[in-house]
Protein chains: 2
Amino acid sequence: MTKKQIIIDAAIELFAAKGIEATSVQQITEHCGISKGAFYLSFKSKDELIIAIIEYFMSNIIMDVDHAVSETANRTDKLYVYFVKTFTILSQYTGFAEILMRERSTTISEKLIEKVHFFVEMANGNLTKLLFDVFGNQIEEKQYDLVVVVNGMVHSYAQMLFESKQHIDIQKLAETLVEKTTILAMNSELVFLKKPISLPHASESIPPVVEIIQGLQQACTYSSNKLEKESAQLLIEELQSDTTRAAIVLGLVSNLEKNDKFEWYCYLLRKQFQ
Amino acid sequence: MTKKQIIIDAAIELFAAKGIEATSVQQITEHCGISKGAFYLSFKSKDELIIAIIEYFMSNIIMDVDHAVSETANRTDKLYVYFVKTFTILSQYTGFAEILMRERSTTISEKLIEKVHFFVEMANGNLTKLLFDVFGNQIEEKQYDLVVVVNGMVHSYAQMLFESKQHIDIQKLAETLVEKTTILAMNSELVFLKKPISLPHASESIPPVVEIIQGLQQACTYSSNKLEKESAQLLIEELQSDTTRAAIVLGLVSNLEKNDKFEWYCYLLRKQFQ
DNA sequence: TTGACAGTTGACCGATTAGTCATTATTATA
DNA sequence: TATAATAATGACTAATCGGTCAACTGTCAA
């Protein structure tokens, strides 16, 4: 386990227990038995740590849920899997989930807000696709409202789940949410949202290839595998080229996606080029 | 306007803009043109200010919505009025609403968490009553799930409303929410929650008459009206008596409820004795 | 054994925090 | 007008914050 990971784990525990603002770097370092100086060897600032945590979890959650849904062949089961997986991950990462629930971009930097908005839009996009898969084009007009309502239900039950620490039956919860979603998708006719909710600054932070390249470069420094290093280098060159060839990108991606460090960027590239 | 009120107004603005933790007492006092010392003449601590703000708003919101719903004669209109009023107040008090949305009891004291839970349970109780009024006993089994889902939808749309600062058509939003709620109330059959969600510590903080008495006493110091002072004194005595007579309580309440300072306690007493 | 070096440390810095209190300004009373 | 009472001030304290950096430690090759 890298030092970064040790710090992240300690920070999540403390952030969840006391809030982000109220947790000091000092407390984090004490909690994982390193010195203050050592912290700043791994992270340039406290903000950078926070961003790293958000990125780490949001990307994992989005990928896990999406993979689970994609692997489900039966259309009608997809929605059920979506809810089960979502709540499973949320209860697995209780600490971080609590942070997410209550600290949706309080004080922290502008950069973080953009990051969160990007992930939220990505998650909403996946949910929209899922709803179309399950219910077909009949939900065309109500798609934006449906997304908001589904998010609302998930949020509401999740918050309940965390505030009263009781153990819950995720399968059963998922069943009832599938029923509610289906009822709404089939029967509701009034439309409030006629277009997607435009979050401020979100459009500018759409996955600029630049960011993916930077991410790949950084991930490269962690890898010792020669094939991976070469693939990553070629991938970066291909992306920078004016005539990026999808086949080559996807081929190189399949060389890299087994490594955790590259996983998120591979996921983004597959979304874009497949 | 009392000095307390001036401070509260300034604090709300700053809390909403920068978050509670990140707003200093200094900034609050500068924002309303008083000295730091003067602040501590009105509030014993920053925590006390925060609690006062929460109490001020939560009680106002609960009372406003409840009154509006009660005044609506037609049953089928009640739900519509509930949503319209809720979003109207939330957009009216945007600042505080934003605080509520994102800072559900982060760092702040244990006492505050209990306070919030009490208000949440009160609001949930009112919503439950409303749903029974509108849909009758057919929702008996699904009442707890319905409350959670309705709260989720409100939360979700409200957050959207605040993050993208666009102006919204509250009437139309209310209509679609009425439709969705009705569809769910009529058609859903699966039940997840078989009993109310028990929030930790919430049961102990049920409106102990003691707290009402304390509140009345404090409110008394602000009133100069003689009838009010006498009524309040008699009310306190009646509440402390072993054989509290409902008729007397309600009579005295009607002497007091026009005064803002007493309003909330009168509301609580009416709920209890009517 | 020496010396170069990466990794680690914790005392320290300037800024900021919540909260205090001797002092001053204002008002009411006589 | 003089005196008492109350309200308001802002310099001050002790603590804590994020962040820095000269000094220290342990590990190797020579």
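Lettering of chains follows the sequences in order, A, B, ..., and the numbering in each one begins at 1. If you're wondering where the values come from, they're calculated on a predicted model, not measured in any experiment.
Toward the 5′ end of DNA chain D lies the nearest nucleotide of B:F39, the other residue of the pair B:F39 and A:Q27 mapping further downstream. Place A:L41 and A:Q26 on DNA chain C by their nearest nucleotides, and A:L41 ends up nearer the 5' end.
Among the protein residues, A:T29 comes within range of no part of the nucleic acid, since none of its heavy atoms lies under 4.0 Å from any strand. Using a 4.0 Å heavy-atom criterion, one finds that B:K44 contacts no nucleic acid atom at all. Note on A:K46: only backbone sugar-phosphate atoms sit closer than 4.0 angstrom, heavy atoms only; bases stay farther off. Across all strands shown, B:T23 has heavy atoms under 4.0 Å from sugar-phosphate atoms exclusively, and none from any base.
Of the possible polar contacts, one joining the B:T244 side chain to the B:E238 backbone as a donor-acceptor pair under 3.5 Å is found. At least one donor-acceptor pair closer than 3.5 Å links the side chain of A:S156 to the backbone N or O of B:V148.
Taking only side-chain nitrogens and oxygens, A:S24 comes nearer than 4.0 Å to OP1 or OP2 of D:dC17.
When only modelled atom types and interatomic distance are considered, A:E228 and A:N259 share a side-chain donor-acceptor pair under 3.5 Å.
Proximity of the aromatic rings of A:F57 and A:W264 is defined here by a centroid distance below 6.0 angstrom, and this criterion is not met.
You can see that DNA chain C meets the heavy atoms of chain B within a 4.0 Å-exclusive cut from C:dT17 to C:dC21, reading 5' to 3'.
When rounded to the nearest whole Å, the span between CD of A:E30 and P of D:dT16 equals 11 Å.
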